[in-house]
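In this chain, numbering begins with 1 at the start of the sequence shown.
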Amino acid sequence: MDRWDRVGRLAAYGAALALTPYLLIKVSWVVGSLLGLLPVGTGFGKAEWVVLNSATIGMAGIGIAMALALVRPWGMRIPGAPLAFCAWVGTGFLVPVLPYAVLSSLLGSADGNPKSGSDAGPSMPVWEAALVQIGFVGMGLGLAIALPTYVRRRWPDAFAGGLGEGGEGSPRALPWMAVVGAAVGLIWLYWAVGGTAGVTHRGERDLAWHVLSGVLGLWAFVASAATWAAVRGRPARVPRWGPLVLGWLGSGSLFAWSGWKLPFTLYLAVAQPADAALPENLALAAVLHLAAVGTGAAMLRALVRTGGG
């Protein structure tokens, strides 16, 4: 075991440990709401609140198991595809928004939660919000360190070489997913800097919404540029691992965040609760999230084909 493997081992255990309080908090929310001991979140009935938080309990459980798989011997024996998919979604959720998590803490975000309020409890105390924030940041940092060391052990040739060496890239290829991803990112950045077209509830836009929109918009551009470079194989002297890593994170961000927000957006469009609303036009938001999910998945497929040589 070399130095990098030891660092990855500590990071994986640290990620699992950091997310455990979040899992326990969400369990308490579900149990408390079912027993009538805790109120449900704004805009939700009891059933919807239990379903939402049960989903996040499952996600947290998968995240903890995935972190352990990156370091335990059995993680080298399980099928690579489902593990890689979970790692892609997990890193897409957490790593790209680490700057936002730090900024939201410094700026005193009301809920202290990277999900911009959709995952916050109705009356979260400060200590609980701090544990949630530590869980997200710790898991994101842990995955950012542990995942590359795992890939290095299991697929040592995945990132070897430079762009244009092998693979299916072509200077004439037109990766449509890079164009769509850039368009989605442009809209998010437009909203982040104060654009009002497509915004129906301007009063719902807070600082956290602007910052998160800007961060996700920037990562959409990063994903588009990285995928473009990887598919076209240019510039040829750039090490292959650079665009693949950036494309992995950016495409995961597109897929994971929009995959999370799409059901919430559809719920608001159908149920139309009087005490909850998103800033964006719901139809436009749904189209953007659908485009982001499809684009992120297409980017991953293109990157895997390119990285596979």
Asker: Within a strict 4.5 Å, meaning less than it, do heavy atoms of the Trp209 and Glu280 side chains meet?
Answerer: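 Trp209 reaches Glu280 side chain to side chain.
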Asker: Test of understanding: clusters of I, L, V, M, F, W, Y form through side-chain heavy atoms closer than 4.5 Å, transitively. Do Leu218 and Trp257 belong to the same one?
Answerer: no
Asker: Not counting sequence neighbours, which residues clear salt bridge (charged side-chain N to carboxylate O under 4.0 Å, His left out) with Arg72? List them please.
Answerer: none
Asker: Is the backbone N or O of Asn53 less than 3.5 Å from a side-chain atom of Thr56, with the two atoms forming a donor-acceptor pair by type?
Answerer: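 Yes; judged by distance alone, with no hydrogens or angles, the pair exists.
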Asker: Within the side chain of Ser28, is there an N or O that forms a donor-acceptor pair under 3.5 Å with the backbone of Ile25?
Answerer: yes
Asker: Between Ser253 and Leu249 (side chain of the first, backbone of the second, donor and acceptor by atom type, cut-off under 3.5 Å), is there such a pair?
Answerer: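 A pair under 3.5 Å: no.
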Asker: Do Val231 and Leu303 touch side chain to side chain, with heavy atoms closer than 4.5 Å?
Answerer: no
Asker: Can you tell me how far apart OG1 (Thr20) and CG (Leu131) are? Round to the nearest 0.5 Å.
Answerer: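 These two atoms lie 11.0 Å from each other.
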Asker: To the nearest 0.5 Å, tell me how far Leu300 CG sits from Leu254 CG.
Answerer: 11.5 Å
Asker: Rounded to the nearest 0.5 Å, what's the gap from CG on Leu143 to CG on Leu94? Could you check?
Answerer: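 Spacing of CG (Leu143) from CG (Leu94) equals 6.5 Å.
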Asker: Using the side-chain hydrogen bond (donor to acceptor under 3.5 Å, both in side chains) rule, collect all pairs that involve residues 74-99, keeping only residues at least two apart or in two chains.
Answerer: Trp88-Ser251, Thr91-Trp248
Asker: What distance do Leu19 atom CG and Met66 atom CE have between them, rounded to the nearest 0.5 Å?
Answerer: 9.0 Å
Asker: If you define the side chain from C-beta out and look only at heavy atoms, does anything of Arg3 sit under 4.5 Å from Arg6?
Answerer: yes
Asker: Take Lys261 and Leu216 through the side chain to side chain contact (heavy atoms under 4.5 Å, CB included) test and state the conclusion after the steps.
Answerer: CA-CA 13 Å; Lys261 289 185 173 183; Leu216 296 181; 4.1 Å; yes
Asker: Side chain of Arg153, backbone of Leu70: donor and acceptor closer than 3.5 Å?
Answerer: yes
Asker: Any chain of hydrophobic side-chain contacts (each under 4.5 Å) joining Leu10 to Val95?
Answerer: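 No; tracing contacts between hydrophobic side chains, which count when under 4.5 Å, never links both residues.
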Asker: State, to 0.1 Å, how close Pro148 and Ile145 come at their nearest heavy-atom pair, and which atoms those are.
Answerer: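 The pair with the smallest heavy-atom distance is CD-O, 3.4 Å.
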Asker: Taking all atoms of both residues into account, what is the closest heavy-atom pair of Lys26 and Ile57, and its distance?
Answerer: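 Between these two residues, the closest heavy atoms are CB-CG1, 3.5 Å.
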Asker: Please report the interatomic distance CE(Met177) to OG1(Thr227), rounded to the nearest 0.5 Å.
Answerer: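 Here the interatomic distance stands at 7.0 Å.
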Asker: Do the side chains of Phe264 and Leu52 join up, straight or via other hydrophobic residues, at under 4.5 Å, putting them in one cluster?
Answerer: yes
Asker: So, for Gly247 and Ala226, which heavy atoms are closest and what is the spacing to 0.1 Å?
Answerer: N-CB, 3.5 Å
Asker: Looking only at heavy atoms, what is the nearest atom pair of Gly214 and Leu189, with distance?
Answerer: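 Looking at all heavy atoms of both residues, the closest pair is O-CD2, 3.4 Å.
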Asker: Under the 3.5 angstrom rule, does the side chain of Ser224 hit a backbone N or O of Ala182 as a donor-acceptor pair?
Answerer: yes
Asker: For the residue pair Leu68 and Ala16, what are the closest heavy atoms and their distance?
Answerer: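 Minimum heavy-atom separation between Leu68 and Ala16: CD2-CB, 4.0 Å.
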Asker: Applying the 4.5 Å side-chain criterion to the ILVMFWY set and letting contacts propagate, would Leu266 and Leu282 be lumped into a single cluster?
Answerer: no
Asker: Taking C-beta and beyond as the side chain, do Glu128 and Trp29 meet within less than 4.5 Å on heavy atoms?
Answerer: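 With C-beta onward as the side chain, the pair touches.
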Asker: Could you check whether any side-chain heavy atom of Val97 comes within less than 4.5 Å of a side-chain heavy atom of Leu212, counting everything from C-beta outward?
Answerer: yes
Asker: If you round to the nearest 0.5 Å, how far is CH2 of Trp191 from CZ of Arg205?
Answerer: 10.5 Å
Asker: Considering all heavy atoms of both residues, which atom of Ser33 and which atom of Val50 are nearest to each other, and what is their separation?
Answerer: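 Reported closest heavy-atom pair: OG-CG2, 3.7 Å.
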Asker: In sequence, state the C-alpha distance, the side-chain angles, and the governing distance for Phe85 and Phe255, and then conclude on side chain to side chain contact (heavy atoms under 4.5 Å, CB included).
Answerer: CA-CA 11 Å; Phe85 177 78; Phe255 182 90; 3.9 Å; yes
Asker: Out of curiosity, does Leu288 fall in the hydrophobic cluster containing Phe221 (side-chain heavy atoms, cut-off under 4.5 Å, transitive links)?
Answerer: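 Shared cluster, no.
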Asker: Answer yes or no: are there more than 12 heavy-atom neighbours, outside Arg154 itself, under 6.0 Å from its atom CZ?
Answerer: yes
Asker: Side chain of His201, backbone of Ala277: donor and acceptor closer than 3.5 Å?
Answerer: no
Asker: Look at the rings of Trp188 and His289 and say which category their plane angle falls in: under 30° parallel, 30 to 60° tilted, over 60° perpendicular.
Answerer: tilted
Asker: Determine the interplanar angle of the Tyr150 and Trp155 rings, folded into 0 to 90°, and report it as parallel if under 30°, tilted if 30 to 60°, perpendicular if over 60°.
Answerer: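 Perpendicular.
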Asker: Heavy atoms, side chains only, cut-off 4.5 Å: are Ile64 and Leu23 in contact?
Answerer: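 Result yes, sub-4.5 Å side-chain heavy-atom pair found.
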